[in-house]
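Take a look at the structure set out below.
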2 protein chains.
Amino acid sequence: MKSPGERASGAARRGAGRSGMAVPGVGLRDVAQAVGVSTATVSRAINRPEVVSAELRERIAAAIAELGWIPDGAARALTTGRSQTIGAVFPTLGLGDFPRAANAIQRHLLLQDYTLLLACSEYDPEQEFRQVRKFAERGVDGVILVGLAHHPELIPFLEQRKLPFISSFVYDPAHHGRCVGPDNHKALVRMTDYLADLGHVRFAVIAQETENNDRASARLAGIRDALAMRGLAVRPQHLAIGTWTIEEGRKLFAQVMDTDPRPTAIVCGNAPLAIGAILEATARGVRVPEDVSIVGYDDIEIMNHLPVPVTTVRVPGEEIGVRAARLILDLLMGREPDYPLESEAEIVLRASSGPPPGAAASPFHAQPEG
Amino acid sequence: MKSPGERASGAARRGAGRSGMAVPGVGLRDVAQAVGVSTATVSRAINRPEVVSAELRERIAAAIAELGWIPDGAARALTTGRSQTIGAVFPTLGLGDFPRAANAIQRHLLLQDYTLLLACSEYDPEQEFRQVRKFAERGVDGVILVGLAHHPELIPFLEQRKLPFISSFVYDPAHHGRCVGPDNHKALVRMTDYLADLGHVRFAVIAQETENNDRASARLAGIRDALAMRGLAVRPQHLAIGTWTIEEGRKLFAQVMDTDPRPTAIVCGNAPLAIGAILEATARGVRVPEDVSIVGYDDIEIMNHLPVPVTTVRVPGEEIGVRAARLILDLLMGREPDYPLESEAEIVLRASSGPPPGAAASPFHAQPEG
DNA sequence: CGCCGTTATGCAATCGGTTACAAGAGCGAG
DNA sequence: CTCGCTCTTGTAACCGATTGCATAACGGCG
């Protein structure tokens with residue numbers, strides 16, 4: 001047996017070599033040996049260059065480049081206790097601003113030398129919890145969730161393990177510092193007010209299932225609360241709940257329009273539903289906005305290009321993604337965030353909304369408040 | 001100094017505790033101690049349950065649940081040389097079937113206890129390479145790329161490190177076993193043949209930049225080759241290259257239609273371009289397909305719901321995702337894939353394509369070949 | 001000329017599991 | 001009763017980096 005002092009160099013030590021290593025055969029030891037210094041010095045040259053003499057630093061850098069060495073993340077994670085990794089669980093990547101935000105998170109994390117682990121829950125809290133446990137196992141340093149409603153054991157799990165986490169796509173003052181996004185309730189209050197100010201009184205709502213989806217639920221509540229302020233409410237037959245496909249939007253549009261009295265304004269809870277509603281309307285010869293106003297949520301590109309461009313709530317997905325990344329890192333480092341956590345959900349006015357049928361077109365009807 | 005034998009239990013040993021650990025204060029040692037066995041036994045109970053007696057296995061499982069222990073991925077990765085992690089670099093998540101495929105990959109990997117690291121290259125080979133290097137640093141066991149065209153150093157880098165990798169969304173017999181997806185060339189040959197069989201001779205193409213994008217480039221080549229077989233070609237003024245937005249689709253549609261002679265068929269290289277073309281056509285009062293046929297690529301939901309439903313190439317994103325996940329794992333394990341690697345790109349006929357203006361409508365014109 | 005503070009570097013323990021090898025227990029056969 | 005085999009479990013080295021502490025080199029100062 002060799003004494004500890006005379007360990008063979010990495011390259012020689014591992015024969016056929018385990019597969020799966022970052023750089024088969026090249027380890028920190030080999031770099032150290034090549035330069036003629038200890039591994040400690042090489043390690044310091046990487047992590048705290050200022051404590052290593054300039055000349056040595058250069059020789060080490062040269063050797064690293066020469067050997068093509070890449071530090072082993074697992075070993076590093078083991079000693080430092082940080083994996084430089086953040087996990088995010090999104091409901092899906094096929095809806096609204098989620099892909100944009102995911103991309104933004106990933107890009108921003110990379111700038112700070114962090115890597116993103118991404119998973120989808122498909123709106124199922126069980127699955128979300130499973131994904132988060134997997135992340136914990138992989139040793140993520142923090143977790144980005146979507147929304148505030150989760151599996152009952154999820155938050156305790158994260159807290160017990162002291163894993164920092166934030167909620168995105170949602171802002172709630174009660175959770176300040178732990179969430180970034182728009183205030184969904186406020187956004188739909190404003191949208192509803194805008195429509196009501198145009199004179200609408202018969203509102204229909206086409207929205208996603210609100211169970212396990214606090215954002216959808218906040219939007220619905222926003223509509224209801226804004227209407228209630230004016231003594232109005234959504235008739236049961238004007239409330240249609242479904243998924244997030246265009247197909248569904250068409251179906252639900254038909255459903256709420258086949259009622260008496262008909263609604264004069266339809267608020268859609270997500271982009272595909274709004275697209276479906278608009279397309280079904282044009283297909284049926286229902287004029288938008290003359291016969292019925294239709295508004296959506298999420299301003300994806302097509303909203304502005306449909307036969308009738310759609311009035312919608314614009315959620316700044318890119319901004320939310322970047323802030324989510326910043327916030328989780330700040331939380332991790334114990335820094336105080338110095339940027340707003342609430343994103344403004346802007347109401348983008350387009351042709352799909354107008355005064356209700358029969359109302360005198362006011363000369364200045366299309367100005368939303370604030 | 002303590003002798004090795006009398007190491008304190010994990011919980012007691014670490015005082016204030018490093019942050020960032022999966023389960024602060026609970027380690028394999030604590031589980032072992034709780035059950036009164038060695039760490040080796042606990043480890044075996046997890047990894048090779050069959051060698052541990054049933055009774056003990058149960059007590060260990062109970063203790064693990066009791067203590068809420070989760071194995072530390074970094075430590076495990078360090079010793080085993082595998083991180084149970086796969087990295088994927090997609091061009092973007094905002095186009096076509098990419099989100100669907102990403103989701104499918106992730107879901108399938110999770111079933112096999114693997115975790116997905118996801119990044120986007122934004123069609124920039126430099127960035128793709130950077131992301132892959134980052135993945136190598138994180139110790140991924142394999143890499144899933146999109147397409148066959150990459151940074152010149154990317155493949156050598158992966159090969160040098162013996163990192164298994166595959167290309168997705170592309171099938172090329174020359175790379176059999178290392179790619180999954182449709183044959184882009186073949187798909188567009190078929191689409192072009194279909195249009196030519198309808199009687200079209202003046203083709204326009206609206207497509208993405210082909211530099212750094214071998215799939216777009218294969219599609220373009222498919223169109224050209226199919227036309228050449230009939231002695232036809234795309235006029236320079238009928239070839240418009242752009243990005244992948246609806247806006248761009250509208251612009252390029254206008255561009256190729258403002259020519260003389262006009263094309264009678266327009267082949268679009270991706271979904272947003274096709275959507276833009278269709279919408280611009282209806283906006284301008286150009287009748288589809290009476291005045292011009294328009295076909296697309298990727299069958300995302302909206303293609304079937306536009307004012308004129310779009311004939312398009314359906315790429316099975318879900319299937320590609322699942323197969324990509326399977327293939328990279330098979331490669332990793334040295335297993336032979338027992339499922340097809342080439343995905344059929346189906347041509348979905350819809351209302352946007354028909355005979356060219358002036359042609360006698362054949363009674364049976366809309367049947368594509370095999 | 002010797003003492004001491006700096007600065008640069010090396011030594012070796014350590015992170016938390018995994019696994020080769022050793023060792024003990026139990027059992028049937030000779 | 002002993003030998004040898006199988007079945008379980010324990011011992012301890014090891015993965016590849018990080019980092020507290022020790023040490024060496026150097027220079028300034030009294």
Side-chain angles (χ1 to χ4, degrees), chain A residues 1-5 7-11 13-14 17-18 20-33 35-57 60 69-84 137 139, chain B residues 1-5 7-11 13-14 17-18 20-32 35-57 59-60 69-84 137 139:
Chain A
M1 208 226 277
K2 296 184 168 103
S3 85
R7 296 174 70 151
S9 92
R13 185 163 18 90
R14 328 182 192 95
R18 295 150 46 231
M21 293 187 343
V23 190
V26 182
L28 182 54
R29 272 187 261 282
D30 303 284
V31 177
Q33 202 179 41
V35 183
V37 297
S38 73
T39 60
T41 302
V42 179
S43 175
R44 276 186 292 253
I46 312 273
N47 300 303
R48 294 161 63 217
E50 70 279 6
V51 306
V52 174
S53 70
E55 182 261 357
L56 197 48
R57 211 186 309 154
I60 290 176
W69 174 69
I70 290 191
D72 179 315
R76 190 178 246 176
L78 184 56
T79 47
T80 61
R82 330 213 78 155
S83 60
Q84 301 282 106
E137 206 167 317
Chain B
M1 212 227 274
K2 296 184 169 100
S3 85
R7 295 175 70 154
S9 93
R13 186 163 18 90
R14 328 181 193 97
R18 294 149 48 230
M21 292 186 342
V23 190
V26 182
L28 181 56
R29 284 186 180 81
D30 303 285
V31 177
V35 183
V37 297
S38 74
T39 60
T41 303
V42 178
S43 176
R44 277 187 292 252
I46 311 273
N47 299 305
R48 295 162 62 218
E50 70 280 6
V51 305
V52 174
S53 69
E55 181 260 357
L56 198 47
R57 211 186 308 152
R59 278 169 48 212
I60 290 175
W69 174 70
I70 290 189
D72 179 316
R76 190 177 246 177
L78 184 56
T79 47
T80 60
R82 329 213 80 155
S83 61
Q84 301 279 112
E137 205 166 319

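Order of the sequence lines sets the chain letters (A, B, ...), proteins ahead of strands, with each chain counted from 1.
- For the pair A/Val42 and B/Gly36, both in contact range of DNA chain D, the more 5′-proximal nearest nucleotide belongs to B/Gly36.
- Among the nucleotides C/dA12, D/dG10, C/dG17, the one closest to any side-chain atom of B/Pro71 is C/dG17.
- Residue A/Arg48 contributes atom CZ, which lies 15 Å from atom C1' of C/dG10 at whole-angstrom precision.
- Minimum interatomic distance between B/Thr41 and B/Val52 (heavy atoms only, all atoms of both residues): O-CG2, 4.1 Å.
- The nucleotide whose nearest atom lies closest to any side-chain atom of B/Thr41 is, among D/dT19, D/dT9, D/dG16, D/dT9.
- Atom CD of B/Glu50 and atom C1' of D/dT9 are 15 Å apart (whole Å).
- Here the shortest heavy-atom pairing between B/Arg57 and B/Pro49 reads NE-O, 3.2 Å.
- Applying the 4.0 Å criterion to OP1 and OP2 of D/dA17, one finds that A/Trp69 has a side-chain N or O inside that range.
- Closest approach of A/Ser83 to A/Gly139, counting heavy atoms only: OG-O, 2.5 Å.
- By the 4.5 Å heavy-atom criterion applied to side chains, B/Val37 and B/Arg44 are not counted as neighbours.
- The side chain of A/Leu56 lies closest to C/dT9, out of C/dT9, D/dA12, C/dG17.
- Distance, A/Asp30 CG to D/dA17 C1': 13 Å, rounded to whole Å.
- One atom, CG of A/Leu78, and another, C1' of C/dC15, lie 4 Å apart when rounded to the nearest Å.
- Across all strands shown, B/Val37 has heavy atoms under 4.0 Å from sugar-phosphate atoms exclusively, and none from any base.
- What separates CD1 of B/Ile60 from P of D/dT8 is a distance of 13 Å, to the nearest Å.
- With D/dT9, D/dT18, C/dT9 as the candidates, the nucleotide lying closest to the side chain of A/Ser53 is C/dT9.
- Taking only side-chain atoms of B/Thr79, from C-beta outward, the nucleotide of C/dG17, C/dT19, D/dT18 with the closest atom is C/dG17.
- Of the candidate nucleotides D/dT9, D/dC21, C/dG17, D/dC21 has the atom nearest to the side chain of A/Arg44.
- Using a 4.0 Å heavy-atom distance criterion, A/Val52 is classed as a sugar-phosphate-only contact.
- Between D/dA17, C/dT18, D/dC15, one nucleotide has an atom nearer to the side chain of B/Leu28 than all others, and that is C/dT18.
- Across B/Trp69 and B/Leu28, no two heavy atoms sit closer than the pair NE1-N, 3.5 Å.
- At a threshold of 4.0 angstrom between heavy atoms, the contacts of A/Ser43 include nucleobase atoms, whether or not backbone atoms are also involved.
- In this model, the phosphate group of D/dT19 is not approached by any side-chain N or O of A/Asn47 to a distance below 4.0 Å at OP1 or OP2.
- Each of A/Val51 and A/Ala40 has a nearest nucleotide on DNA chain C; the 5'-most of these lies closest to A/Val51.
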